[in-house]
Amino acid sequence: DERVIAVAPFRVGGAAPETHYLREGLADLMVPQLAVLPELSTASMRVVLDRWRRAAGSPEADLDDAGALQVAREAGAGQLVLGDLVGTGSRLTVSARLLRSRDGKELAQTQVTGSSDSLAVLATRVVVALMSVRDGVATERVRSVLSASPDAVAPYLLGEQLFRRGRYIEARDRSEEHTSEL
């Protein structure tokens, strides 16, 4: 379905080890923002990650574009966000492309750089840029988590990863850290 967007795990290259949770974490931040656009829906992160793990052989393995596009099609998505993350513990660069799943045609691309303690801002900037390039969606139509405390975002993202791996108690504990700040 061309109206469904899947967000793949981001490739982490040269980034500090403490930022590797962003492999899935950036997708976790982007999916809700994409889901509020009335003409779009998002593929379930759980389904995308399950298909990804099966195709790649492990949760940490990357797929080439053809493999990632196949995962998106299997998840029912007509579009796929593929991205890369590089940087240090304090400064990150996020590059992302929006591809049409059936043929791999690039619909939009962007690159944003910022502080690693502004993850929500970086994710929002990626979503806004991709959607704006794609078809002119106005910035104000994209829900933002700009007001989220940077201290709250990392525990939340780690909790989401633990939950998907069936580590429910750890996920609850991690997600509850700083939840009043979200």
Side-chain angles (χ1 to χ4, degrees), residues 1-13 15 17-37 39-86 92 94-109 119-120 122-124 126-127 130-131 134 142-143 145 153-177 179 182:
D1 185 341
E2 292 291 325
R3 296 166 296 175
V4 178
I5 295 179
V7 182
F10 278 66
R11 295 177 184 119
V12 179
E18 65 267 18
T19 61
H20 281 248
Y21 71 95
L22 294 175
R23 175 176 174 74
E24 295 175 18
L26 280 171
D28 285 330
L29 288 171
M30 293 173 62
V31 166
Q33 294 181 46
L34 290 164
V36 299
L37 297 172
E39 67 277 5
L40 297 175
S41 63
T42 54
S44 160
M45 276 298 294
R46 187 169 259 198
V47 170
V48 170
L49 291 172
D50 178 60
R51 301 284 194 285
W52 189 276
R53 287 178 186 121
R54 286 185 201 174
S58 84
E60 291 79 30
D62 291 324
L63 292 172
D64 62 13
D65 285 5
L69 290 166
Q70 180 62 35
V71 165
R73 289 190 296 271
E74 289 175 7
Q79 299 175 60
L80 173 67
V81 175
L82 274 178
D84 297 286
L85 167 73
V86 295
L92 300 172
V94 179
S95 302
R97 298 178 293 145
L98 180 65
L99 306 173
R100 191 166 51 207
S101 297
R102 71 176 168 197
D103 59 8
K105 179 182 179 190
E106 187 173 286
L107 304 173
Q109 69 174 4
L119 301 174
L122 291 174
T124 299
V126 169
V127 168
L130 290 176
M131 295 299 101
R134 187 193 73 150
V142 178
R143 181 177 61 175
V145 289
V153 173
Y156 168 77
L157 296 176
L158 289 169
E160 287 293 302
Q161 286 180 349
L162 290 166
F163 182 82
R164 283 192 289 268
R165 287 170 175 76
R167 295 167 55 187
Y168 304 116
I169 293 172
E170 290 175 82
R172 181 201 63 214
D173 293 345
R174 185 63 76 148
S175 295
E176 287 177 353
E177 292 177 28
T179 53
L182 281 175

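Small disclaimer: the values here were computed from a predicted structure and weren't measured.
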**Asked** What are the two closest non-hydrogen atoms of Gly104 and Leu69, and how far apart are they?
**Response** CA-CD1, 3.5 Å

**Complete:** Separation between CD1 (Ile5) and CG (Leu130), nearest 0.5 Å, reads 8.5 Å

**Request:** Indicate the atoms forming the closest heavy-atom contact of Ala96 with Val81, along with that distance.
**Result:** CB-CG1, 4.3 Å

**Message:** Any salt bridge linking Asp50 with Arg54? Criterion: basic side-chain nitrogen under 4.0 Å from a carboxylate oxygen.
**Reply:** yes

**Message:** For the backbone of Ala61 and the side chain of Trp52, can you confirm whether one donor and one acceptor N or O come within less than 3.5 Å of each other?
**Reply:** yes

**Asked** Short question: side chain of Arg23, backbone of Phe10 - any donor-acceptor pair under 3.5 Å?
**Response** yes

**Request:** Verify, without hydrogens or angle tests, whether Thr42 (side chain) and Leu34 (backbone) share a donor-acceptor contact under 3.5 angstrom.
**Result:** no

**Prompt:** Between atom CG of Asp28 and atom CD of Gln33, what is the distance when rounded to the nearest 0.5 Å?
**Reply:** 11.5 Å

**Request:** Under the side chain to side chain contact (heavy atoms under 4.5 Å, CB included) rule, what do Val48 and Leu80 come out as? Steps first, then yes or no, please.
**Result:** CA-CA 10 Å; Val48 170; Leu80 173 67; 5.8 Å; no

**Complete:** Taken to the nearest 0.5 Å, the spacing of Leu29 CG from Leu22 CG works out to 8.0 Å

**Request:** Can you sort out the partners of Arg73 under side chain to side chain donor-acceptor pair (under 3.5 Å), two or more places apart, ordered by chain and number?
**Result:** Gln70

**Request:** List for me each residue that meets side chain to side chain contact (heavy atoms under 4.5 Å, CB included) alongside Arg97, sequence neighbours excluded, and say none if there are none.
**Result:** Arg11, Asp65, Leu82, Leu99, Glu106, Gln109

**Asked** What's the shortest heavy-atom distance between Met30 and Val126, and which atoms?
**Response** CE-CG1, 3.6 Å

**Asked** Does a side-chain N-to-carboxylate-O contact under 4.0 Å join Asp103 and Lys105?
**Response** no

**Message:** For Ser101 versus Ala77, what's the shortest heavy-atom pair and its separation?
**Reply:** OG-O, 2.9 Å

**Request:** In plain terms, say whether Arg53 and Glu24 are close enough for a salt bridge, that is, a side-chain N and a carboxylate O under 4.0 Å apart.
**Result:** yes

**Message:** Looking at every heavy atom in both Val47 and Ala75, which two are closest together, and how far apart are they?
**Reply:** CG1-CB, 4.0 Å

**Request:** Report the distance from atom CG of Asp84 to atom CG of Asp62, rounding to the nearest 0.5 Å.
**Result:** 8.0 Å

